[in-house]
There are 2 protein chains.
Amino acid sequence: MTTAPDVDRVFAALADATRRDIVRRAIGGGEGIGELAEHYPMSFAAVQKHVAVLERARLVTKERTGRRMVVHTNVEGLRAARSLLDQYEELWRGRISRMTELLTDKKETDA
Amino acid sequence: MTTAPDVDRVFAALADATRRDIVRRAIGGGEGIGELAEHYPMSFAAVQKHVAVLERARLVTKERTGRRMVVHTNVEGLRAARSLLDQYEELWRGRISRMTELLTDKKETDA
DNA sequence: CATTCATACAACCATACGGTTGCATGTCAG
DNA sequence: CTGACATGCAACCGTATGGTTGTATGAATG
């Protein structure tokens, strides 16, 4: 199961443009933290922290290759977040159809 | 279009269990801020702030009814967030199929 | 083994966030 | 008009976050 703090971490991790971009770049994989850092106007350490946040949220994994740390995005994490949003929409659809039923019933009562 | 700061606000808003619960409750609509507040172990003002955060992220809207402020969730906002996650998965699928192609080509070269 | 490159990690700073209380405003009931 | 109720908003407080710099570790290279 996915606990609430887990969900917190996933959405919080995605609430930063730099981190979203890291996720996007790391889909292709192959870049180390240092290479990733070159894309952004901030220090290596800052990018390292962003990767750590994504890792805690299980949105990326790190894999040691020689002295480099290659970052890979974990699509399962993304899917978990998406399915949560799906659930809300599911709820909403349910409510709409119930409302439609209600309206239909009313019409039938009126008729 | 949806700008990066907008996306920031949406994910940041969803990164809190109380706010996610407000979104869920407000799908049904009908509850005012005060009524919502009774569900949580915090002050009215705190809930009011949470609603404000959700409103800035366009995840809910407020509608005045007499002296009450009824909160409704805006499913469009949820859908926008979900479609963003879909895009990442789309990218990922693309990368996989490209990798598959590559492997296929290699096999053919080997054969 | 000394050097260098990539990463890790701690300390520090400014700002943002989640909560509180207190007070002001606006709307309904008598 | 008064009082009560629901909301809005500002000030304040502790902690988390996003950035910095500096130092330490570990792996490849000459």
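Proteins get letters first, then strands, A, B, ... in listed order; numbering begins at 1 in each.
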A.B. asks: For residues 34-56 of chain B, pull every pair meeting salt bridge (charged side-chain N to carboxylate O under 4.0 Å, His left out), keeping only residues two or more places apart or in separate chains.
C.D. replies: B/Glu35-B/Arg68, B/Glu55-B/Lys62
A.B. asks: Keeping the roles fixed (side chain from A/Asn74, backbone from A/Val60), state whether a donor-acceptor pair exists under 3.5 Å.
C.D. replies: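 Not at all, since once roles are kept as given, no pair shorter than 3.5 Å links the two residues.
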A.B. asks: Sequence neighbours excluded, which residues qualify as side chain to side chain donor-acceptor pair (under 3.5 Å) partners of A/Glu63?
C.D. replies: A/His72
A.B. asks: Which residues in residues 38-57 of chain B have a heavy atom closer than 4.0 Å to any atom of DNA chain C?
C.D. replies: B/Met42, B/Ser43, B/Ala45, B/Ala46, B/Lys49, B/His50
A.B. asks: Name all residues meeting the side chain to side chain donor-acceptor pair (under 3.5 Å) criterion together with A/Gln87; count only those two or more places apart in sequence or in a different chain, and write none if there are none.
C.D. replies: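 Result, side chain to side chain donor-acceptor pair (under 3.5 Å) vs A/Gln87: none returned.
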A.B. asks: In whole angstrom, give the distance that lies between atom NZ of A/Lys62 and atom C1' of C/dC9.
C.D. replies: 11 Å
A.B. asks: Kindly give the atom pairs (protein nitrogen or oxygen, nucleotide nitrogen or oxygen) under 3.5 Å for nucleotides 26-30 of chain C.
C.D. replies:
none

A.B. asks: Quick check on contacts: within residues 15-35 of chain A, what sits under 4.0 Å from DNA chain C by heavy-atom distance?
C.D. replies: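 Hits under 4.0 Å, by residue number: A/Gly32, A/Ile33, A/Gly34.
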A.B. asks: Applying side chain to side chain donor-acceptor pair (under 3.5 Å), can you list everything that pairs with A/Arg25, at least two apart in sequence or on another chain?
C.D. replies: A/Asp21, A/His39
A.B. asks: Just the rounded figure in Å: distance from C1' of D/dG8 to CE of B/Met69.
C.D. replies: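 Going from B/Met69 (CE) to D/dG8 (C1'), I get 9 Å.
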A.B. asks: Restricting to side-chain contact (heavy atoms from CB on, under 4.5 Å), what partner residues turn up for A/Ala15, sequence neighbours left out?
C.D. replies: B/Phe11, B/Ala12
A.B. asks: Can you list everything that forms a side-chain contact (heavy atoms from CB on, under 4.5 Å) with A/Ala26? Sequence neighbours excluded, please.
C.D. replies: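 side-chain contact (heavy atoms from CB on, under 4.5 Å) list for A/Ala26, sorted by chain: A/Val71, A/Thr73.
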A.B. asks: Which residue pairs satisfy the side-chain hydrogen bond (donor to acceptor under 3.5 Å, both in side chains) criterion with at least one member in residues 7-19 of chain B, sequence neighbours excluded?
C.D. replies: A/Arg20-B/Asp8, B/Asp6-B/Arg9, B/Arg19-B/His50
A.B. asks: Hey, could you give me each pair passing salt bridge (charged side-chain N to carboxylate O under 4.0 Å, His left out) that has a residue in residues 73-88 of chain A? Not counting sequence neighbours.
C.D. replies: A/Glu76-A/Arg79, A/Arg79-B/Glu89, A/Arg82-B/Asp86, A/Arg82-B/Glu89, A/Asp86-B/Arg82
A.B. asks: Quick one: list whatever passes side-chain contact (heavy atoms from CB on, under 4.5 Å) with A/Ala37, sequence neighbours left out.
C.D. replies: A/Phe44, A/Val47
A.B. asks: Find the distance B/Asp8:CG to D/dG18:P and express it as a whole number of Å.
C.D. replies: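 Going from B/Asp8 (CG) to D/dG18 (P), I get 10 Å.
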